[in-house]
Amino acid sequence: MTMLTSDLNFADYFYYLLKLEADNLHVASSDWSVGSVLNKQTSHSILKNISRFILDGDETEVLLKLKELNNPSNICGRVFRPGEATYTCRSCAVDPTCVFCRECFVRSEHKNHKYKLHSSSGGGCCDCGDPEAWKQHPACSRHNVDQHHTSDDARTRLPTKLQENGEYFFHTLLKFVVDMFTVEHNEVSDLPPSLQSSSSVDKFATVVFNDESHTFDYVIGVLSHAVQCTNNRAADFATVIDREGRSTVLCGSKTQCHNAKELVTNPPHSTLDTLKTEVMHIYNVVYQEFALEVLAWLTKLAEVSEGLRLILCHILLKPQENGDSFTTMLMMSDTKLWKVARNAYHQLVMSTCLLFNDQKRIFAVAYVKAYPQLISQYLLDDHEHSESITSISVQLFTVPTLVHYLMVEHNLLNVITDTMISVCCVRTSDHREEHEISLKFDPRRLQKNLRRTGFCFYDLKYALTNVPTQWTQSISEKFQQFFANFAHYLASMEGMDAVVRKRDRHLEREQEWESGVTMHMRFIPIMRQLYKWCCVNKETTIECVRCVVGFMKSLYQRENVIKLVPYNGTTYQCVDYDITEKPVSVHYPLTRLLAGLFVKCGSLGIKFEEIGISFDILSLAEPSMRCLSLCGQVFAGAWRRNGLSLANQVFYCRDYRCRTESFNRDIQLLQACAANMDPNHFFVAILDKMNLMDDTRFEEHLTSFTEEFISILIFVVVERYIVGVGEVTWDEILKREVIHTLGDGAKPHSKIHKYLGEEAMDNPDWERILSEVADYKPSTSVNSVARYELKIDHLDHISPFFYHYNSGQANAHNEVLKRKKAKNLSLVFVPQPSPTFTTFYTNVPNLLTCQSLLHYLSSILRIYLPDGETRIQTTDKLFEKVLFLIQFGIVEEMEKVKINEDDGFKFCEKATEGELFSVLHILKSQDSVAIHKDTICWILNAVEKVKNLRSGNTGENEDGNTELQQASSSKTELERWVRKKKVEDRRKELMMQIKKMQEDFLEKNPHLEEEGEMEGEVVEEKKKRLSTDVPVCTLLSWQQASLKSTNENEMCILCQADNNNDPLVMSCMTQSALPANNGFDFVCSLDELQGTGIHVTTCSHHMHLGCWRQYFDSIKDREERRRTIRMRRMNGSYSTLKHEFLCPLCSRLSNCVIPSLSHESAMKLRNISASTITVQDWLRLIEDYVDPPKTSPQEFVVRFNVDMEATEDEQWHDAAESFVDTTEEMVMSQSSTVVMETEVDTTESALDTFMTCLLKNLKNMESPDTRDETLLLWVATVTTFQSEESVMRYQGRGVMTPPSIRVTQALSNLVRCFLFKMNQSQDTLQATREKLFKILLGKHEQSIVSMNVFAFFVLLTVSADGVCGALKCSSITNDKNILLLCCVAQLVQIMLMLDEAELQSEVANDDDNSDLLQLFNQIRSYALLPRVERISSRKLETCLVDSFRPFLRCCTLFMHHITNVTPNPTHNDDLYDMLTYLGLPSSILSMFDAGGTASLDPLVERWCKNPHLILRVSKPGPPNQTYPHCVRVRTLIDLDHDYSDMIERAVNFSCPRFKSKDDSVAPMICLACGTILCSQSYCCQQSIDGVNAGACTYHCTQCTRGAGNSGIFLKVRDCTIILLSGDRGCFKSAPYLDEFGETDQGLRRGNPITLDATRVADLNLIWLNHAVPESIVHEMESNRNLVNIDWNHL
Ligand SMILES: [Zn+2]
Ligand SMILES: [Zn+2]
Ligand SMILES: [Zn+2]
Ligand SMILES: [Zn+2]
Ligand SMILES: [Zn+2]
Ligand SMILES: [Zn+2]
Ligand SMILES: [Zn+2]
């Protein structure tokens, strides 16, 4: 590369460099396999030259200097990476899009507020420092700086060269970038002239682009065919295409490339759209890729230096020759660019233009100008929204000052609205009269772009979010313009998706309804903001109402024909529109806008007359009446033939997601109507709309129509909890909603929040209200969540006719009654008084007193009279509704009288005239309505009260009501007392009976009592005798006692019989075990053993071997049949191919059966006798055994006997003596019986099955050497014991207390099988046994100290039984001595491999030089380790004990199961207690001299001086292989307390193969080791036995080295746990809870969540218990969806 000369023109220099290096810029074909074709080395060196030229020096140094020139920053502007945590403050954020980055958040005030935490999908930026984003505390401590400098300062402070030429440099570079990005460059001749090269190579590239419509598999298939590569390479191409938006797939000649393109775009047998593919000259490809590097470099400069940022800003926004700025040019070609190119320039724009207010404004203007075009391009685009420039809206349209400026100067609101209109409407005429409808809504166009158009709605919502604080003339004008435009838009949608009632035939094809409902939901947030603008002042509101009325007039005036309806002697004018004949819809957005505006009139105190409406109000309310009547009739079942589509629409109309802008508005409009017209007229109009004028027309539905009709009346009169309709506060509204939400039972926080809907979203107050009305009930188990239960004293506030109750919640009433009953409260329901109406609605209650209604109610009541004749059926529900309406009228009047407000509302009087009460008087005594008797009484009483109040009895005024309540409560009081008395009497009676029976019994059996006592004494005595002696498992007496404890007879769960010669087995699960917790993995340096351990669990359910075989064969057949029928991949949670089945009783996953053997049968295999000898002698015996002395057998025996006599331990002897004879006889006699023979046979067959299953299961494991079945059993025994020990340790349980029956069964039977197998194959083990003894004696090259001592102990103990005869000593002697030596070996191992750092923590006293310390150093010196000085011996002891205890616990557990000697349950895990139980010396120190009987020092010395051992201990391994670390329970990794810290762990993660930090990367943390993996993608798949497996599945086989190929992962961005086991898996919530006791799977709610210890423990137990496969299968059996997931691709 040439050096530049200083007078060279920069642009010339730049292009000269590019041309010069053109051939070096692309990688040589031999080096390229996949990904970028840019030669990174060359491109770096070009950039370096440019950088040196521009910055005049070393880049790093210059940038550091430039950074110092910056003004202190008062804005963060950090652009979020995908997966990064974002925080928003619930009380201070202006809207939910305002976010902090983590750095800023932790330094801000808001960390002490209520906040939400989310995981970014990438793209947005931190709003720290933006005063318009936060109501208070807009900046963190980093960005909280006063800004006195103008931004130009930073520029003038730059070095002269940059000041003078900066613009020119950057212009040159940006021009290059824009040139490369904006025009299609495929040929060299298309390149800018300055890049045209004379010596061009003839090399081309086929480039494939990304889209949303093709799957990975499709792309892989097409590519592997087109460019003739392996599937793996094609998958790599596909990954690059997906991550970066495009990839070169072939470099070659033009023809080659075109051929490849042809194959990609026209693959055989494909009906899909073609993949976008280009053939480009290689220069063009690399220049584009180089342009990306330039962009990245410029972004870096902008981020570092404020001055450079300003210059870049200037260039980016400066109009070029064609009048457009670089940014505009880039934006306009946005959809033509591939993903990384888009992201690169978006990032540059965000790091420059958006960080200065002035520049942001210029950019925003350009953006608004381009907006319609950008949106229409985006609609045709095939990339996600986050990759489109249109996603930048949120950065601009959420800034109030900017929005107001854009609105006034650049007509922002109309630009967006027009864009929305153009997306889904057709204009029918261009020049229209005012309020003429000239838009036609086209649902098909909407359906096509449903998802993409949604973003326009967001933009409008953002723009409307902030109501201007100053309502100027120009704003007002622009707003009215926009409002008219918007209302026009709504008008075009009025009545969309209309339906006509099907009478004869069922609908043939369901109508599409989702897009209409989706559209509706999108309008809701916009409307909420819009109303805020509409009611800034009275004039605006009235103007808006008139505008809407204008549109409604032109829509409905012609359509609405008037007809005359007679009712009760009068004739009324109604709109002639029969909804059962003509089209009707649930979408009336314009009408509902009017309803909403009326509500605003109510809250502003505007009277109806003030508005001056030019259209009659009944016609205005007509659409709402249609919709409500339609809903009512649908509920009544009259529209069934119209299918599900209509049912769904009606459902959504009243659902919490939509109701605020549909159902609620309809009711409100009816209320406005009822208030401002003749109530009789209004009543008749709805009656007519419900088709109830003619009884005969809908006879079958008549009753339900009537019920629905009365419901509408109830809603109109009662529902006033809306600001503007009634005089209510937000608190009261929320309280009522919360209470009713809890009416049908306790609910978790999130559910309540969901039902409250959008209204509560903004109002954190609802949580305060929730805690007022409900009690928090914490979760009781890991599978439940915390809930809130309504307090008893709010039960009365629940109305069964609450308008937001859907049919499903109708049982709220029953729930309330149930709770009231339980508390003995009065069951009479009395409506709560409603708040008063605002002026606008003040006349609504008159509906209750109007003649027509009262006439109607009385006619309904009459049908309940005995002689009542009608077509309507008498239902309880109808009766209840009528009573409720009457009750409500009385309550309303009572309230008004109480506050002395006489506005002529005289319900009682009018109702008496209408003969309502006289009918009720008669009904009171009717049986048909007996259950309503209390309510009728309440009504009649209340009427009297009102009369009294009215007649001036003011004295009674106040307590009138209370008396009423007293009357009812005293009545219930009495009832309660009567009931209580009855219960008490009954109880007494029963007691008497029982006593009598007892007496009778004793009379007949007089001796019983004494006998019982005597027996008790005997038992007591026996117990005493046993408990005075502490159980010792290596004492004959205790082993004898254990034999007596009988085995309970188990029953076969399949045939229910127990007496059968068929051996019993238990279903069990065998899998490869987690690495043993002692650090020295199972491989204990014995050649015979390799690989991992085997873990065995059982559910302890017994079956006959034969019965099980039958069962297993039958499910195997079933599965076989299913497989042949479907010919597809087996969809099941378990597979008999893997020898799996579910336990027939408990459905636990199993893959094996283990024989169930009795303790006796095992003991028969052991030689129990009382002979005991010292360690010394025993050692000598062994020594002679492995290395026989050249003496005759006779002599040997003699010596043995002498020794025995001389050293017999007095104590032991005494204790054992009494049993000796009997036992020996017993053992001898039993072992020779025939019974024994058959038992051996049957046991053998069971054992064989076990072994066969085990071997089958092991086939797929990285298994130990499977040649020797005995060794397999040894491995299984050792690992299962160690694993159970660590589980018990994790749970804090002692080994002396009995574990669960499942564990006990698994452990005992494993030991017994092992013993049995060992006994069968004595001969094969001869060599192994001798070797073991040699090692024990230190006479083998391998040292006992360097192996898993427990495993050694187990094998030695069991195999020593085989030499009892040869040695002429008993099992007990062997056990005891082997145990002692193994303990010593373990202690020596600990001492040699102790982490010295652990000892240093405490300062030692000078005189602290105990025996233990001396021993410690002595042993170390044998192994040539240096002395450890100046340590506290107390500390040493703790360390030793901690490291030693797990081993001892294993031994205790093992000896317990081999001897069946029950430990004293009062004992705990004390070292001393265990030593006692095992019959060992009582301290560590005394173990080294065998309790004072012999010094083991020579033996220890021999062990330590083993050269192999010395080699091993001389170089200490990693800390986790030293004591005490290596014995710690191998739990899952520690999770952070705060979930945001977990997010942080994975935020910097990028795919290890393709270094992109894309949002498609799903980082998963392996909870076993903490590794972060790139999951769910093709890039990191690995092949296992030729099958592609995802990163997690592959990791399972590596991380835990088996363990059933299981793993537990945390999907960080989703806050979800994934259990994985081979090709199956399941999801769980991560163990994090928010303050309301709920998990947040998917991180949707975003409340701060913290670690929950109970759930962590649950997860750990699944892990430690090897229960992952079992949990998965359990979950899969209940959730079939899980079966269809390709788990092995995770
Ligand atoms: Zn920040
Ligand atoms: Zn900040
Ligand atoms: Zn805050
Ligand atoms: Zn059976
Ligand atoms: Zn079972
Ligand atoms: Zn990857
Ligand atoms: Zn792992």
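When a ligand or atom number is given, it counts from 1 through the structure's own listing order. FYI, the numbering just counts along the sequence from 1.
Nearest N, O or S atom of H1104 to the Zn ion (ligand 4): atom ND1. The closest approach of H1101 to the Zn ion (ligand 5), by N/O/S atoms, is made by ND1.
With respect to E1675 and R1680, no salt bridge is recorded, no charged nitrogen being found less than 4.0 Å from a carboxylate O. Between R102 and D1541, at least one side-chain N (NZ, or NE/NH1/NH2) sits under 4.0 Å from a carboxylate O, which counts as a salt bridge. Remark: E103 does not engage R78 in a salt bridge, criterion side-chain N to carboxylate O under 4.0 Å.
For residue C140, no N/O/S atom approaches the Zn ion (ligand 1) to within less than 2.8 Å. Among the atoms of C101, an N, O or S atom falls under 2.8 Å of the Zn ion (ligand 1). Contact annotation: C128 places no N, O or S atom under 2.8 Å from the Zn ion (ligand 1).
Heavy-atom minimum distance, C353 versus F363: CB-CB, 4.2 Å.
Computed with the Zn ion (ligand 4) at the centre, the C1052 SG to C1055 SG angle is 110°, stated to 10 degrees. For the pair SG of C1143 and SG of C1099, the angle at the Zn ion (ligand 5) is about 110°; rounding is to 10 degrees. Rounded to 10 degrees, the SG-metal-SG angle spanning C126 and C104 at the Zn ion (ligand 1) equals 110°.
Applying the side chain to side chain contact (heavy atoms under 4.5 Å, CB included) test to S1671 and every residue at least two apart in sequence or in another chain returns L1619, I1662, A1667.
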Test salt bridge (Lys or Arg N to Asp or Glu O under 4.0 Å) applied to K1138 and D1623, step by step: CA-CA 12 Å; K1138 287 188 272 179; D1623 55 359; 3.6 Å; yes
